[in-house]
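Just follow the structure's listing: the first ligand is 1, and inside any ligand the first atom is 1.
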Amino acid sequence: MQIEYSLVPDSQRKSLPQDQSALSFGRLRTDHMFILDYADGAWRNPRIVPYGPLPMMPGAMCLHYGQTLFEGIKAFRHADGELYIFRPDQNARRLNHSASVLCMPNVPEELQLDGLLRLVDVERAWCPSAPQSSLYIRPFMFATEDALGVRPAKTYIYCIMLSPSGAYYSGGFSKAIRLLVTRKYHRAVTGGTGTAKMGGNYAASLQASEYAHKLNADQVLFLSADNNYVEEVGSMNHYHVRKDGTFIIPSFNDSILRSITSLSVLEMAEKGLLKARQEEVELERFLDDVKSGEIIEAGGFGTAAVVSPVGQYVLEDGTEITVGDGKVGAYSRALYEEYTAFQTGGKPAPQGWLFKVPRY
Ligand code: PLP
Ligand code: COI
């Protein structure tokens, strides 16, 4: 499909702040966005236009019944000055999985990638290069039909917006985070929408996050609905490292998002770059193993958060359980360094992981 361009004149374009070290996560916007409309059973009218308000009626079904989904991807500026996007094909595939869960139409993967590469090409001046920074790419899709019956909508908008960003947690990689283990709140349940990257799952995690902040924790470790198994964090998969250096990621089930970071770590293990596997993680045994030192490190994996080590687990009765010495451990550090070297060009990435942004 031919993508139409309607660009801001060069003289009116904004630009990256001089001091890239001060970039926060997700606050800045670039000059343009990519849009695609769905109506009468087909996607149409792909275009790159100035970033601005989207047309939508008050009865748009996304506002009432929550048919909204999104993805998170990063682009990096390498030493050769070119931009490289990390595994966007995986995100395009997962977006269609989320769409299927929410009874929304799939968006052809080639069209998602074409829109994304062309938009990033237009906005290449916006991609930062400071340590821990990236051009964060946010594709999303929502129901626009003006109707109040509860059913899948017939019209949608798919959009991609960009945000030059710094680290997700303000302390960056070097500060271990504190996770609240809650039995009170759950993010997703068996048979629900936990494998979809949809707005509702994040709305469902907010009460728990507020509760975590009250109990002096940064984020929440969500458990299975029966409270017996470790599942994931509100914006990351969970991992722990056993004494022999093996990374353990909870087995994917239908209440855990299939993290592309986790999948990449598992692929690194297949290539012999580290030891990693998935298994069900029983909560009580996990906490005992942290206390006894069988588990020496833990943390979260995600696009925005990359590798975020956990220093303490906080229980609802106020008990604190420290992982190792409570600081960022050597296995997490080595993985973070290798993974980010693949992303930023410090080391050659596995075949097919980086998509170079063409100069169209
Ligand atoms: N789990 C949840 C709930 C998330 O929001 C994210 C973030 O995208 C992840 C896991 C990590 O997934 P990925 O590595 O694909 O970013
Ligand atoms: C990402 O890691 O890209 C995410 O989407 C997490 C987000 C909720 C900030």
Side-chain angles (χ1 to χ4, degrees), residues 23-28 68-76 85-98 101 116 132-141 160-170 172-173 177 179 182 185-189 192-206 208-209 212 218-224 230-239 247 249-268 276 278 281 298-308 310 335-336 339-340 342-343 353:
L23 285 175
S24 55
F25 176 81
R27 299 305 295 266
L28 284 181
T68 68
L69 56 79
F70 68 97
E71 274 301 328
I73 309 173
K74 281 177 172 173
F76 300 89
I85 306 183
F86 190 74
R87 310 199 78 177
D89 53 332
Q90 300 295 316
N91 295 86
R93 186 185 303 168
R94 186 172 65 190
L95 183 134
N96 282 338
H97 166 77
S98 301
V101 171
L116 186 149
Q132 305 198 37
S133 73
S134 61
L135 183 63
Y136 184 76
I137 303 169
R138 174 53 65 91
F140 59 105
M141 178 174 157
I160 307 176
M161 58 187 256
L162 305 176
S163 177
S165 289
Y168 185 61
Y169 292 109
S170 52
F173 171 78
I177 59 169
L179 283 189
T182 178
Y185 295 108
H186 298 90
R187 153 189 189 279
V189 294
T193 54
T195 63
K197 203 160 166 62
M198 67 166 298
N201 291 338
Y202 297 82
S205 73
L206 295 178
S209 293
D218 301 296
Q219 276 291 324
V220 179
L221 176 62
F222 287 103
L223 305 176
S224 54
V230 169
E231 295 223 310
E232 65 172 330
V233 187
S235 54
M236 310 184 281
N237 274 179
H238 186 261
Y239 72 85
F247 283 81
I249 300 164
S251 308
F252 292 145
N253 58 30
D254 69 357
S255 46
I256 297 179
L257 189 80
R258 281 161 174 66
S259 154
I260 292 156
T261 315
S262 295
L263 291 171
S264 303
V265 170
L266 294 165
E267 285 175 38
M268 285 167 70
Q278 290 189 288
V281 178
F301 289 145
T303 297
V306 198
V307 177
S308 285
V310 174
L335 173 57
Y336 174 81
Y339 197 76
T340 51
F342 289 156
Q343 292 181 318
W353 281 17

Would you check the N or O atoms of Ser262, main chain and side chain alike, for any that come under 3.5 Å of an N or O of ligand 1?
no
Trace of the side-chain contact (heavy atoms from CB on, under 4.5 Å) decision for Thr68 with Phe140:
CA-CA 7 Å; Thr68 68; Phe140 59 105; over 6 Å; no
Identify, by atom number and element, the atoms of ligand 2 in contact range of Tyr168, meaning under 4.0 Å from any of its heavy atoms.
9 (C)
Under 3.5 Å: N/O of Gly302 near N/O of ligand 2
no
Can you list the steps and then say if Val101 with Met198 is a side-chain contact (heavy atoms from CB on, under 4.5 Å)?
CA-CA 9 Å; Val101 171; Met198 67 166 298; 5.9 Å; no
Pair Val220, Tyr185 - check side-chain contact (heavy atoms from CB on, under 4.5 Å), show working.
CA-CA 9 Å; Val220 179; Tyr185 295 108; over 6 Å; no
Could you check whether any side-chain heavy atom of Ser255 comes within less than 4.5 Å of a side-chain heavy atom of Phe222, counting everything from C-beta outward?
no
Heavy atoms, side chains only, cut-off 4.5 Å: are Ile256 and Pro250 in contact?
yes
How far is atom 7 (C) of ligand 2 from its nearest protein heavy atom, and which residue and atom is that?
Arg138 NH2, 3.9 Å
So for atom CZ, which belongs to Arg138, do other residues, nucleotides or ligands contribute more than 12 heavy atoms lying within a distance under 6.0 Å?
yes
For ligand 1, which atoms, with element, lie under 4.0 Å from some heavy atom of Phe301?
11 (C)
Can you tell me how far CZ of Arg258 sits from NE2 of His97, rounded to the nearest 0.5 angstrom?
6.5 Å
Leu257 N/O under 3.5 Å from ligand 1 N/O:
no
Is the shortest N/O to N/O distance between Arg187 and ligand 1 below 3.5 Å?
no
Proximal atoms of ligand 1 relative to Thr261 (non-hydrogen, under 4.0 Å):
13 (P), 14 (O)
Quick note on ligand 2: atoms under 4.0 Å from a heavy atom of Phe70 include exactly 5 (O)
Taking a cutoff of less than 4.0 Å between a non-hydrogen atom of the residue and any ligand atom, is Lys74 in contact with ligand 2?
no
Is a side-chain donor or acceptor of Ser165 paired with a backbone partner of Leu135 at a separation under 3.5 angstrom?
no
Which atoms of ligand 1 have any heavy atom of Ser259 under 4.0 Å away?
11 (C), 12 (O), 13 (P), 14 (O), 15 (O)
Tell me whether Tyr136 has any N or O atom under 3.5 angstrom from an N or O of ligand 2.
yes
Could you tell me the residue and atom name of the protein heavy atom closest to atom 3 (C) of ligand 1, and the distance to it rounded to 0.1 Å?
Gly234 O, 3.2 Å
Element-labelled atoms of ligand 1 that are located less than 4.0 Å from some non-hydrogen atom of Tyr202
2 (C), 3 (C), 4 (C), 5 (O)
Numbered atoms and elements of ligand 1 in range of Arg94, under 4.0 angstrom, heavy atoms:
12 (O), 13 (P), 15 (O)
Heavy-atom closest contact (Ala276 atom, Val265 atom, distance)
CB-CG1, 4.1 Å
Heavy-atom contacts under 4.0 Å between Met236 and ligand 1: side chain, backbone, both, or neither?
backbone
With a 4.0 Å cut-off on heavy atoms, does Lys197 reach ligand 2?
yes
Heavy-atom distance under 4.5 Å between the side chains of Leu179 and His238, does that happen here?
yes
Does any non-hydrogen side-chain atom of Lys197 lie less than 4.5 Å from one of Leu95?
no
Give the numbers and elements of all ligand 1 atoms closer than 4.0 Å to a heavy atom of Gly302.
11 (C), 14 (O), 16 (O)
Below 4.0 angstrom from a heavy atom of Asn237, which ligand 1 atoms are there? Numbered from 1 as shown, please.
1 (N), 10 (C)
Taking the six-membered ring for Trp and the single ring otherwise, decide whether the centroids of Phe25 and Tyr136 are under 6.0 Å apart.
yes
Please test Tyr168 against Met236 for side-chain contact (heavy atoms from CB on, under 4.5 Å), starting from the C-alpha separation and ending with a verdict.
CA-CA 11 Å; Tyr168 185 61; Met236 310 184 281; 6.0 Å; no
Considering non-hydrogen atoms only, spot the tightest contact between Glu232 and Leu257 and give its length.
OE2-N, 3.0 Å
Atoms of ligand 2 close to Gly72 [distance to a heavy atom under 4.0 angstrom, numbered from 1]
3 (O)
For atom 16 (O) of ligand 1, the protein heavy atom that lies nearest, with its residue and separation
Thr303 OG1, 2.6 Å
Which protein non-hydrogen atom lies closest to atom 2 (C) of ligand 1, naming both residue and atom, and how far is it?
Glu232 OE1, 3.4 Å
Atom 6 (C) of ligand 1: the protein heavy-atom neighbour that sits closest, reported with distance to 0.1 Å
Ser235 O, 3.3 Å
If we only count N/O pairs under 3.5 Å, is Arg258 in contact with ligand 1?
no
Assess, by modelled atom type and distance only, whether the side chains of Asn237 and Thr261 contain a donor and an acceptor separated by less than 3.5 Å.
no
Do the rings of Tyr239 and Phe301 sit parallel, tilted or perpendicular, given the 30° and 60° boundaries?
parallel
For atom 8 (C) of ligand 2, which protein heavy atom lies nearest, and how many Å away is it?
Tyr202 CE2, 3.7 Å
What protein heavy atom sits nearest atom 2 (O) of ligand 2, and how far off is it?
Ala304 N, 2.8 Å
Ligand 1 atoms nearer than 4.0 angstrom to some heavy atom of Lys197 are 4 (C), 5 (O), 6 (C), 7 (C), 8 (O)
